[in-house]
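Everything on this sheet refers to the single structure shown next.
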Amino acid sequence: GTGTLYCFEPTDYAFRKLMKNHGLNHFTNIVFEKMALSDRNETRRITPASSLDTVAFSASWDVKNLKSKRHDAQDIAFKTLDAYVQEKQLAHVDLLKIDVDGYELKVMTGGAETLARFHPMLIIELSECLLHYIGDRLEDLLNLLERFGYAFQPVYMTAPINRERLLDEIKLRQTLDCLCVC
């Protein structure tokens, strides 16, 4: 197609891995950004063990060898989705795939104007416990998305479900990939 894919990975390890995977393919319509999307524009120094709110970055660190739990601190650039869309002058946003291990509310809060303007389809991971680690609540994320008119459909179902059933599915599975459409 003619679309452009924007990929975000915040840590050195995850970004190198992303670029290695890109090297295995020949796509030319991808923009790679070494940053994290969040609810504010800032740079923070983090390590995997600095506090519970860095658990969202655990998949972004090379922890396979586990010889040492210490990792070098990294400066991570955080930007709001709205600021990114404005900076890149994007004419439309059709789909957001968000699996940020607890930062989902922060990404959506920082993208409120983008949600209101474009109503993109979302594929988002929902997890009460991961949001809790970051200090956020699942209810707040669902409320935000519902305010923008989103309906929730677990990816393994063929139709949207109501909020009560959605909460039951999340509780049962602990984490749930969900398609959200206005």
Side-chain angles (χ1 to χ4, degrees), residues 6-11 13-14 17-18 35-42 44 46-64 66 69 71 74 76-84 93-116 118-182:
Y6 296 84
C7 299
F8 300 84
E9 283 293 355
T11 66
Y13 171 75
K17 189 174 173 182
L18 175 65
M35 70 175 69
L37 295 176
S38 189
D39 58 348
R40 60 183 65 140
N41 300 314
E42 65 182 355
R44 287 178 42 208
I46 65 166
T47 63
S50 60
S51 66
L52 274 180
D53 70 342
T54 61
V55 75
F57 299 96
S58 62
S60 296
W61 297 83
D62 184 7
V63 293
K64 275 193 238 176
L66 294 180
K69 292 188 179 202
H71 296 276
Q74 289 185 38
I76 303 294
F78 292 85
K79 186 173 279 196
T80 68
L81 176 60
D82 291 338
Y84 187 84
V93 176
D94 300 317
L95 171 71
L96 296 171
K97 197 263 187 211
I98 304 167
D99 182 348
V100 290
D101 298 327
Y103 262 69
E104 289 79 10
L105 178 59
K106 289 179 179 17
V107 172
M108 294 291 86
T109 300
E113 291 174 23
T114 301
L115 294 177
F118 300 112
H119 301 286
M121 184 182 303
L122 307 175
I123 301 172
I124 188 167
E125 180 184 43
L126 301 174
S127 171
E128 188 170 26
C129 67
L130 290 175
L131 284 160
H132 177 74
Y133 284 137
I134 307 305
D136 290 335
R137 298 174 342 124
L138 178 61
E139 295 78 19
D140 296 333
L141 175 58
L142 298 180
N143 289 341
L144 176 75
L145 294 176
E146 286 175 335
R147 261 197 330 270
F148 289 108
Y150 283 96
F152 304 97
Q153 178 181 324
V155 295
Y156 55 84
M157 293 184 171
T158 58
I161 59 176
N162 65 35
R163 186 178 180 133
E164 184 179 326
R165 175 127 186 249
L166 177 69
L167 292 171
D168 289 343
E169 292 292 322
I170 294 169
K171 203 170 278 189
L172 176 68
R173 290 169 169 66
Q174 295 190 4
T175 184
L176 179 70
D177 289 328
C178 198
L179 175 65
C180 302
V181 181
C182 283

### Message
For the NZ atom of Lys106 and the OG1 atom of Thr80, what is their distance to the nearest 0.5 Å?
### Response
14.0 Å

### Task
Among Thr175, Val100, Leu176, find the residue that satisfies the side chain to side chain contact (heavy atoms under 4.5 Å, CB included) test when tested with Glu125.
Thr175

## Note on the structure
dist Glu9:CD -> Met35:CE (nearest 0.5 Å) comes out at 12.5 Å

### Query
Could you give the distance from CG (Leu130) to CG (Asp99), rounded to the nearest 0.5 Å?
9.0 Å

### Query
In Å and rounded to the nearest 0.5 Å, what is the CG to OH distance from Leu122 to Tyr150?
4.0 Å

### Task
Give, for atom CZ of Phe148 and atom CE of Met108, the distance between the pair rounded to the nearest 0.5 Å.
9.5 Å

### Task
For residues Leu96 and Val107, determine if any side-chain heavy atom of one lies less than 4.5 Å from a side-chain heavy atom of the other.
no

### Message
Run the salt bridge (charged side-chain N to carboxylate O under 4.0 Å, His left out) test against Glu146 and tell me which residues pass, sequence neighbours left out.
### Response
Arg163

## Note on the structure
To the nearest 0.5 Å, atom CZ of Phe118 lies from atom CD of Glu113 at 10.5 Å

### Task
Could you tell me whether the side chain of Gln153 reaches within less than 4.5 Å of the side chain of Val181, counting heavy atoms only?
no

### Query
Should Arg173 and Tyr156 count as side-chain neighbours, where that means a heavy-atom distance under 4.5 Å?
yes

### Residue pair Leu126 / Glu104, side-chain heavy-atom distance below 4.5 Å
no

### Query
Between Leu142 and Leu167, is any pair of side-chain heavy atoms under 4.5 Å apart?
yes

### Task
Check whether any side-chain N or O of Asp94 sits under 3.5 Å from a backbone N or O of Met121 as a donor-acceptor pair, and report yes or no.
no

### Contacts of Arg165 that satisfy salt bridge (charged side-chain N to carboxylate O under 4.0 Å, His left out) - sequence neighbours left out
Glu169

### Which atom of Ile170 lies closest to which atom of Ser127, heavy atoms considered
CG2-CA, 4.4 Å

### Query
Are side-chain heavy atoms of Pro154 and Asp177 found at a separation under 4.5 Å?
no

#### Entry: Nearest heavy atoms of Gly111 and Leu81, plus distance in Å
CA-CB, 3.8 Å

### Side chain proximity check, Asp136 to Leu141, heavy atoms < 4.5 angstrom
no

### Message
In the structure I gave you, are the side-chain heavy atoms of Pro160 and Phe152 within less than 4.5 Å of one another anywhere?
### Response
no

### Query
So, for Gly102 and Ile134, which heavy atoms are closest and what is the spacing to 0.1 Å?
O-CG1, 3.3 Å

#### Entry: All salt bridge (charged side-chain N to carboxylate O under 4.0 Å, His left out) counterparts of Asp39, not counting sequence neighbours
none

